[in-house]
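Protein chains get the first letters and strands the later ones, always in sequence-line order, with residue 1 at the start of each.
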2 protein chains.
Amino acid sequence: MTTIADVAKAAGVSISTVSYVMSGKRTISVKTQERVARAIEELDFRPHAGARSLASQASHVIGLQAPLRAGVDVQVVMQIVAGVVSEARKQEYDILLLASDDASGLERADRSSSVDAFLVMDVESDDTRLATIAALGAPAVLIGLPAGAEDLTCVDFDFQAAGALAVERLVERGHRRIALVGSPPEVVTRHTSYADRLARGFTEACAAFGVEGSIHPSPSGADAARLLDEVLDHDSSISGLFVHNEGALPHVADRLRARAVGAPAAAAIDLIALCPPEVAHAVGGLTEVIDLPAEEIGAAATRVLEALLAGEPTERVNLLAPRLVTSKLAVDEA
Amino acid sequence: MTTIADVAKAAGVSISTVSYVMSGKRTISVKTQERVARAIEELDFRPHAGARSLASQASHVIGLQAPLRAGVDVQVVMQIVAGVVSEARKQEYDILLLASDDASGLERADRSSSVDAFLVMDVESDDTRLATIAALGAPAVLIGLPAGAEDLTCVDFDFQAAGALAVERLVERGHRRIALVGSPPEVVTRHTSYADRLARGFTEACAAFGVEGSIHPSPSGADAARLLDEVLDHDSSISGLFVHNEGALPHVADRLRARAVGAPAAAAIDLIALCPPEVAHAVGGLTEVIDLPAEEIGAAATRVLEALLAGEPTERVNLLAPRLVTSKLAVDEA
DNA sequence: GTGAAAGCGCTAACAA
DNA sequence: TTGTTAGCGCTTTCAC
């Protein structure tokens, strides 16, 4: 194994000089810098992570608690994680993947100093982990927005604004009776923070615009088509649909197309979806989509966490504004 | 921060005794063990991961290189990762998530001793990382099966056998002209190991049974339905379909149902899918499915890696045999 | 069955 | 601008 001592010897300097060249915490003459850099390069030296973390009280690792469980939007979770990983690497941080189930994983990582900070995904409105997280030695950023704001830092997409935006658009298009086809029952029951907020934005906007809106948790697979039939057959005045459920979306879109066949054009159902652009594209035929910038959420959360670690001032609540995307292609098709 | 010295003092023993109680590498009197255990409990002591890794030359961390990129079967990747994480935790290992793109991430983690071993996913048949991996100081297990076997340890689902099994079933059901609707073009082009092996099993079995089989990479979204039409309209003698593409499956199944409406029963197309049970269930209406035990793949790979770390003898190639699942429910529906 | 003490490789005072 | 050295918290010889 190559150690800092090997590098120092090769460069003809002291150990501390090598350390300071790496950290930049001391002014070093250019000549020395170059010699050390060359030695590091030639020996392909990489400081021992454990030794460094022991001496510096910092591991340069971020603990990420990601939901690997069912019912969540896998596609979205993966993209958020991708955003986290790539942003973290830019600042030389590594990501430790914590088993998602319990809060004890957070405490273990915290007490063993294996992590400098935490990123917690899949936060529920009244999450039981909140107290634990607040008591952690290391700073944390939640991806989500629990009800009891506490004094935790949060980053998320503004689902409430998205719910309102969808209503606004559907109303603009002339609909007076609309429906939200949302997350699977298990997600809703858990009061996953985003589902709650989306529903709130939707409901409040409906009230504000004086239109009637109903909310329907949806299964994620082919059963979504059945649910859609139920909803539409139960109330034939529904003419606008807002879908937030990656697993249901393709089936809902398909069924909508099927129902449209042979029906009077006036009876066509309008659909706005909330999903990542890739999902929208895969489903196809969607004219208007509210973009869910999953990777950006992960990156943003990581940036906030890094700011926190750097001691820079940060907002407590950071929400990414929704953006409506109109697909030229889909419009042309229509 | 609580250290081992605090525990030693609280228990009235020496530091080394505490260490030996934790590791079990020395016989300690029951009385002492109990005293130490109580002290650890009361102080909620957790050894400093960095210090431990420095002193013991082992980090108790497994580096996982997972593909977060597009075109892969997100659902499957997530489940594999879940399998890895939960199995690793059982043996007190943590998971470091490595950015997936380059081999340099592996080398960095290796040289900095931040990891004891590697788990590499999304292996291509002729993967450029192979040489790098073989040169790593830490042992590695590939989830996949590259062409040049090298002397790397591999764990994967037996895609080749699965391809053959699907053909066998379709032939048993009387089909003489069958088609494989497979991974997206980008996956096939990269020669992702599983896509290659599935195709090989399919082709070889077709030859062995004397039936004609064609292979069609499929886009993952709604475009899959269009591809299906093309395939079926181009050759109307095709009566059996084998689908391995989570993103395409719902659309293919839907389109198949749509085409079946009003068509003579004799012209019905038979479908076998390769996917995780959850996906099959979400899609619905599938009578026969070859189970892709994603979580088990991750767990199995992790177990092999742990055996490797423990110095136990392991097989070089470990393949999980395919299993055909007949859905009672779907059969009843039909 | 238990302790004392020498490192593990690094960072960051303290000295020069 | 650079070097010397005392820890960081743990594991593991060596000694009893």
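- For A:Glu107 and A:Arg129, the salt-bridge test fails: no basic side-chain N is under 4.0 Å from an acidic carboxylate O.
- Residues satisfying the ring-ring contact (aromatic ring centres under 6.0 Å, His included) test with B:Tyr20, not counting sequence neighbours, are none.
- The interatomic distance linking B:Ile15 (CD1) with D:dG7 (C1') rounds to 13 Å, in whole Å.
- Looking at B:Arg111, its side chain never comes within 3.5 Å of a backbone N or O of A:Thr2 through a donor-acceptor pair.
- In this structure, A:Gln57 atom CD and C:dC10 atom P are separated by 17 Å, rounded to whole Å.
- Straight-line distance from the CG atom of B:Leu54 to the P atom of C:dC8: 9 Å, rounded to whole Å.
- Residue A:Asp126 qualifies as open at atom CG: its count of foreign heavy atoms under 6.0 Å is 12 or below.
- Atom P of nucleotide C:dC8 and atom CD1 of B:Ile4 are separated by 19 Å, given to the nearest angstrom.
- Between A:Thr3 and B:Thr17, the residue whose closest nucleotide on DNA chain C is further toward the 5' end is B:Thr17.
- Remark: B:Phe45, B:Pro47, B:His48, B:Ala51, B:Arg52 in residues 39-52 of chain B come within less than 4.0 Å of DNA chain D through at least one heavy atom.
- Donor-acceptor pairing under 3.5 Å is lacking for the side chains of B:Arg108 and B:Ser112.
- Environment of CD in B:Glu92: sparse, with no more than 12 heavy atoms of neighbouring residues, nucleotides or ligands closer than 6.0 Å.
- Comparing C:dA4, C:dT11, D:dG3 by their nearest atom to the side chain of B:Ser16 picks out C:dA4.
- For the pair B:Asp156 and B:Leu319, the minimum side-chain heavy-atom distance is below 4.5 Å.
- Proximity of residues 20-35 of chain A to DNA chain C (heavy atom under 4.0 angstrom from any strand atom) is restricted to A:Tyr20, A:Met22, A:Lys25, A:Arg26.
- Using a 4.0 Å cut-off, no side-chain N or O of A:Ser14 falls inside it from OP1 or OP2 of D:dT2.
- Taking a cutoff of 4.0 Å between a charged side-chain nitrogen and a carboxylate oxygen, B:Glu87 and B:Lys90 qualify as a salt bridge.
- Heavy atoms from other residues, nucleotides or ligands lying under 6.0 Å from CD of B:Glu41 number 12 at most.
- Residue A:Ser19 places at least one side-chain N or O under 4.0 Å from the OP1 or OP2 atom of C:dT11.
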